[in-house]
Amino acid sequence: MSTRELTCIGCPLGCAITVTMDGSTVTAVTGNTCPRGDAYARKEVTNPTRIVTSTIRVNGGIYPMANVKTASDIPKGRIFDCINALKDVTVNAPLKIGDVVLSDVAGTGVDIIAARNVPAK
């Protein structure tokens, strides 16, 4: 049996959670005050994922850069692959929030979408 200590990010409370594991199987989650804490802890110790945020270049827009993010979470181990895939991405204005700027980033099956509107000049 092993344990892992986590701080929950499921809500603003930031509960101190203890996860007990038998090998790769979660046997107990304690310290959470809501069901989201239990779900977060189980996922974090078995298959951690993250939303990735970054920026890309924009041609012909009123801003030279635009914020982007993954449309959903990706495996934590693929974050740097995702960032590397974005380093040479440039799009043309106009750009609207939710526009797909890169499909299936780094083979994750997740799209990169715009997180900022960038009108054309």
Side-chain angles (χ1 to χ4, degrees):
M1 292 280 197
S2 64
T3 60
R4 279 196 55 195
E5 305 290 328
L6 304 171
T7 301
C8 183
I9 60 172
C11 76
L13 290 177
C15 297
I17 298 177
T18 301
V19 180
T20 305
M21 299 181 69
D22 184 6
S24 62
T25 303
V26 175
T27 57
V29 176
T30 58
N32 56 300
T33 57
C34 70
R36 287 183 287 183
D38 183 84
Y40 165 75
R42 289 175 188 276
K43 185 175 179 184
E44 184 64 16
V45 298
T46 58
N47 182 28
T49 60
R50 299 289 185 271
I51 296 288
V52 176
T53 61
S54 189
T55 57
I56 59 167
R57 291 176 190 83
V58 178
N59 286 327
I62 64 170
Y63 307 116
M65 305 288 285
N67 301 23
V68 295
K69 68 179 201 121
T70 52
S72 63
D73 48 352
I74 65 169
K76 188 176 175 183
R78 302 298 305 273
I79 291 173
F80 290 110
D81 296 335
C82 177
I83 295 300
N84 284 333
L86 287 172
K87 71 180 182 178
D88 295 322
V89 173
T90 302
V91 298
N92 295 319
L95 188 63
K96 294 189 189 305
I97 292 173
D99 286 352
V100 175
V101 299
L102 183 62
S103 296
D104 187 22
V105 65
T108 61
V110 176
D111 296 337
I112 298 291
I113 60 172
R116 176 181 200 171
N117 291 324
V118 180
K121 287 183 182 177

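It should be emphasised that the depicted structure is a prediction, and the values quoted were computed from it without experimental measurement. Each residue takes its place number in the sequence, starting with 1.
Between atom OG1 of residue Thr55 and atom NZ of residue Lys69 there is a gap of 15.5 Å, rounded to the nearest 0.5 Å. Taking CE of Met21 as the reference point, atom CE of Met1 lies at 11.0 Å (rounded to 0.5 Å). Annotation: the span from Thr30 atom OG1 to Asp38 atom CG amounts to 10.0 Å, rounded to 0.5 Å. Once rounded to the nearest 0.5 Å, the distance linking CG of Asp88 with CD1 of Ile56 reads 12.0 Å.
Side-chain heavy atoms closer than 4.5 Å link hydrophobic residues (I, L, V, M, F, W, Y) into clusters, and following such links, possibly through other members, connects Ile62 to Val58. Residue Ile51 is not grouped with residue Tyr40 when hydrophobic side chains (ILVMFWY) are merged at heavy-atom distances under 4.5 angstrom, including chains of intermediate members. When hydrophobic clusters are built by joining Ile, Leu, Val, Met, Phe, Trp and Tyr residues whose side-chain heavy atoms come closer than 4.5 Å, directly or via intermediates, Ile113 is not grouped with Leu86. Both Val91 and Val68 are part of a single hydrophobic cluster, where members link through side-chain heavy atoms under 4.5 Å apart.
Remark: Arg50 CZ is packed, more than 12 non-hydrogen atoms of other residues, nucleotides or ligands lying under 6.0 Å away.
Judged by distance alone, with hydrogens and angles left aside, the side-chain atoms of Arg78 form a donor-acceptor pair with the main-chain N or O of Ala106 at under 3.5 Å.
Ala66 approaches Leu95 most closely through the heavy-atom pair CB-CD2, 3.7 Å. The shortest non-hydrogen separation linking Ala120 to Ala93 is CA-CB, 3.8 Å.
Put simply, the residue from Thr49, Val52, Asp81 that forms a side chain to side chain contact (heavy atoms under 4.5 Å, CB included) with Ile74 is Val52.
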Distance-only criterion, 3.5 Å: show the donor-acceptor pairs between side-chain atoms of residues 97-105 and protein atoms not counting sequence neighbours.
residue, atom, partner, partner atom, Å
Asp99, OD2, Lys96, N, 2.8
Asp104, OD1, Thr108, N, 3.2
Asp104, OD1, Gly109, N, 2.5

Just list the side-chain donor-acceptor pairs under 3.5 Å for residues 4-20, sequence neighbours left out, or say none.
residue, atom, partner, partner atom, Å
Glu5, OE1, Thr18, OG1, 3.0
Glu5, OE2, Thr18, OG1, 3.3

Start with the C-alpha distance between Cys82 and Ile112, add both sets of side-chain angles, then the distance that settles side chain to side chain contact (heavy atoms under 4.5 Å, CB included), and finish with yes or no. CA-CA 9 Å; Cys82 177; Ile112 298 291; 3.8 Å; yes
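Lys43 meets the salt bridge (charged side-chain N to carboxylate O under 4.0 Å, His left out) test with Asp73; sequence neighbours excluded.
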